[in-house]
Amino acid sequence: MSVLITGGTGYIGSHTCVELLSAGHDVVVMDNLSNSTDKVLDGIEAITGKRPAFVKADCCDANAMEQVFDSHPDISAVIHFAASKAVGESQEIPLHYYRNNLVSLLNLLDAMLRHQVHQLVFSSSCTVYGEAEKQPVTEQTPVQAATSPYGNTKQICEEIIADAVKAHPALKAVALRYFNPIGAHQSGLIGELPMNPPQNLVPRLCLAASGKTGPLQVFGDDYDTPDGSCIRDYIHVSDLSRAHIAAIDYLKTQSNPKQNFEIFNIGTGKGCSVLELIRTFGAVNKTEVPHKIVGRRAGDIPVIWADTRYAQQKLGWSAQISIEDSLRSAWLWQMNCNKNNTK
């Protein structure tokens with residue numbers, strides 16, 4: 001039986017391919033390569049000795065989605081990563097975000113139901129909590145009004161899945177609310193390689209440290225935090241990827257329709273400020289990180305980190321990789337990219 005990974009050549013998707021293949025699963029990747037490259041398949045194969053089946057197609061194309069399931073009748077579960085994902089960019093092109101993120105999910109659910117594929121792991125986000133009153137946030141923390149179109153698409157997608165599960169009791173789903181994935185595979189063979197200027201902090205930090213860009217922009221130092229910069233929960237991408245394996249295994253055991261849609265926080269349970277992260281990166285990698293403070297960025301949440309006890313209890317999963325090792329792996333990936341002139 002195979003697992004379909006939409007957006008599987010992307011950052012988290014490619015690392016999840018590695019974990020699935022290493023665990024003995026067969027994998028089918030569907031990706032339109034809008035923000036990735038199929039060369040990542042070489043890295044996956046070099047790490048695992050296996051190459052996932054690959055279909056270049058857009059999840060917003062309903063016919064293409066149907067053809068993937070027709071061509072791979074052994075698909076038994078889906079991990080849905082494919083989405084536009086940058087908070088700042090979503091403020092600038094909101095209609096693209098709504099169209100891409102919502103239509104892709106609707107097409108996927110339609111195809112899953114037609115082909116009787118009933119296990120879905122959805123890539124959600126801690127942005128659904130907005131500016132929560134208490135930290136750390138639990139799965140019971142109220143969902144706040146979204147502060148960005150990106151965050152709103154994640155809220156709406158969760159609602160769509162919840163309604164679909166109610167209407168179709170055979171369907172089982174898990175939404176993993178990610179915190180901030182960082183780092184790269186320990187081999188240095190795959191990592192975060194956006195085709196467009198990166199929006200996430202650590203790849204921007206790596207580019208600044210390697211001299212490929214100007215100083216890293218730190219968006220605000222006047223928040224109500226110890227050093228004035230935003231606080232986030234940074235989790236290594238391989239730890240995050242392993243959570244998807246745990247989620248699939250969990251879905252296989254569920255037989256109570258009242259529990260057919262579950263939500264889990266996936267983080268480390270620790271907060272780290274932007275400036276603290278910069279200092280840690282410089283210390284563990286023995287390099288300077290040129291940076292400058294600029295104004296706040298629209299849509300940013302000042303403070304958020306995860307309470308992960310529910311995922312530990314239900315999924316038997318917890319983060320294992322330290323922030324120091326995460327930042328070492330990110331720098332190793334950047335150095336390899338520099339050698340290969342790929343970033």
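Note: hydrogens, waters and symmetry copies are ignored here, and every other heavy atom, side chains too, is used.
For K270, the NZ atom is loosely surrounded, since the number of other residues' heavy atoms within 6.0 Å does not exceed 12. Under a cut-off of 6.0 angstrom, the local environment of CG in D74 is crowded, with over 12 non-hydrogen atoms contributed by other residues, nucleotides or ligands.
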Walk me through it: do E89 and H96 pass the test side-chain hydrogen bond (donor to acceptor under 3.5 Å, both in side chains)? CA-CA 10 Å; E89 183 184 58; H96 168 79; 5.8 Å; no
Decide side-chain hydrogen bond (donor to acceptor under 3.5 Å, both in side chains) for Q186 and S329; before the verdict, give the C-alpha distance in whole Å, the side-chain angles of both, and the deciding distance to 0.1 Å. CA-CA 6 Å; Q186 62 182 1; S329 69; over 6 Å; no
E131 and V303: CA distance, side-chain angles, deciding distance, side-chain contact (heavy atoms from CB on, under 4.5 Å) verdict: CA-CA 7 Å; E131 296 187 27; V303 178; over 6 Å; no
Would you check, one step at a time, whether the test side-chain hydrogen bond (donor to acceptor under 3.5 Å, both in side chains) holds for Q312 with T308? CA-CA 6 Å; Q312 292 171 17; T308 61; 3.0 Å; yes
Would you check, one step at a time, whether the test side-chain hydrogen bond (donor to acceptor under 3.5 Å, both in side chains) holds for N338 with Q334? CA-CA 6 Å; N338 290 350; Q334 181 64 55; 2.8 Å; yes
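In this structure, CG in L105 is found 5.0 Å from CD1 in I161, a value given to the nearest 0.5 Å. In this structure, the separation between CD1 on I304 and CD on Q135 is 5.5 Å, given to the nearest 0.5 Å. Note that the OH atom of Y97 and the CG atom of L102 stand 13.0 Å from one another [nearest 0.5 Å]. From R328, atom CZ reaches atom NE2 of H236 across 11.5 Å, with rounding to the nearest 0.5 Å. The line from OG of S318 to CG of D239 is 8.0 Å long, rounded to the nearest 0.5 Å. A distance of 7.0 Å separates SG of C59 from CG of L108, quoted to the nearest 0.5 Å.
Counting only distance, with no hydrogens or angles, the side chain of Q155 and the backbone of Q144 share a donor-acceptor pair below 3.5 Å. The closest donor-acceptor contact from the side chain of K154 to the backbone of S123 lies under 3.5 Å. No donor-acceptor pair closer than 3.5 Å links the side chain of S125 to the backbone N or O of R177. A donor-acceptor contact shorter than 3.5 Å links the side chain of N260 to the backbone of P169. Side chain of D307 to backbone of R309: a donor-acceptor contact under 3.5 angstrom is found. In this structure a side-chain-to-backbone donor-acceptor pair under 3.5 Å is present from H185 to S187. Judged by distance alone, the side chain of Y98 and the main-chain N or O of V103 form no donor-acceptor pair under 3.5 Å. Panel note: side chain D233, backbone G267; no donor-acceptor pair is recorded below 3.5 Å. Side-chain N or O atoms of N107 include one that pairs as donor or acceptor with a backbone N or O of C60 at under 3.5 Å. In terms of modelled atom types and a separation under 3.5 Å, the side chain of R232 and the main chain of I301 share a donor-acceptor contact.
Taking 4.0 Å as the cut-off between side-chain N and carboxylate O, R297 and D300 count as a salt-bridged pair. Between K172 and E262 there is no salt bridge, since none of the side-chain N atoms of the basic residue sits less than 4.0 Å from a carboxylate O of the acidic one.
Residue V237 is not grouped with residue L332 when hydrophobic side chains (ILVMFWY) are merged at heavy-atom distances under 4.5 angstrom, including chains of intermediate members. Both I266 and Y11 belong to a single network of hydrophobic side chains, linked directly or stepwise wherever heavy atoms of I, L, V, M, F, W or Y lie under 4.5 Å apart. Both I75 and L106 belong to a common hydrophobic cluster when Ile, Leu, Val, Met, Phe, Trp and Tyr are linked at side-chain heavy-atom distances under 4.5 angstrom.
Summarising the geometry of T147 relative to Q91, their closest heavy-atom pair is O-NE2, 3.2 Å, with the distance given to 0.1 Å. Between W317 and A246, the shortest heavy-atom contact is CB-CB, 4.2 Å. Closest non-hydrogen pair, D227 versus S273, comes out as OD2-OG, 2.5 Å. Contact between V117 and A77 at its shortest, heavy atoms only, is CG1-N, 3.9 Å. The nearest pair of heavy atoms linking L109 to I160 is CD1-CG2, 3.8 Å. Scanning both residues, V3 and H25, for their nearest heavy atoms gives CG2-ND1, 4.2 Å.
Looking at V55, D26, L4 one by one, the single match for side-chain contact (heavy atoms from CB on, under 4.5 Å) with H72 turns out to be V55. Residue T153 forms a side chain to side chain donor-acceptor pair (under 3.5 Å) with just one option from N101, T127, N100, and that option is N101.
For F264 and Y250, the gap between ring centers is short of 6.0 Å. In this structure, F122 has its ring center no closer than 6.0 Å to that of H244. Taking the six-membered ring wherever Trp is involved, the centroid distance between the rings of Y234 and F179 does not fall below 6.0 Å. The ring of F281 has its center closer than 6.0 angstrom to the ring center of W331.
Taking the ring axis of Y223 as reference, the NZ or CZ atom of R296 stays within 45° of it and closer than 6.0 Å to the ring centre.
When side chains are defined from C-beta on, E192 counts as touching N200, because their heavy atoms get closer than 4.5 Å.
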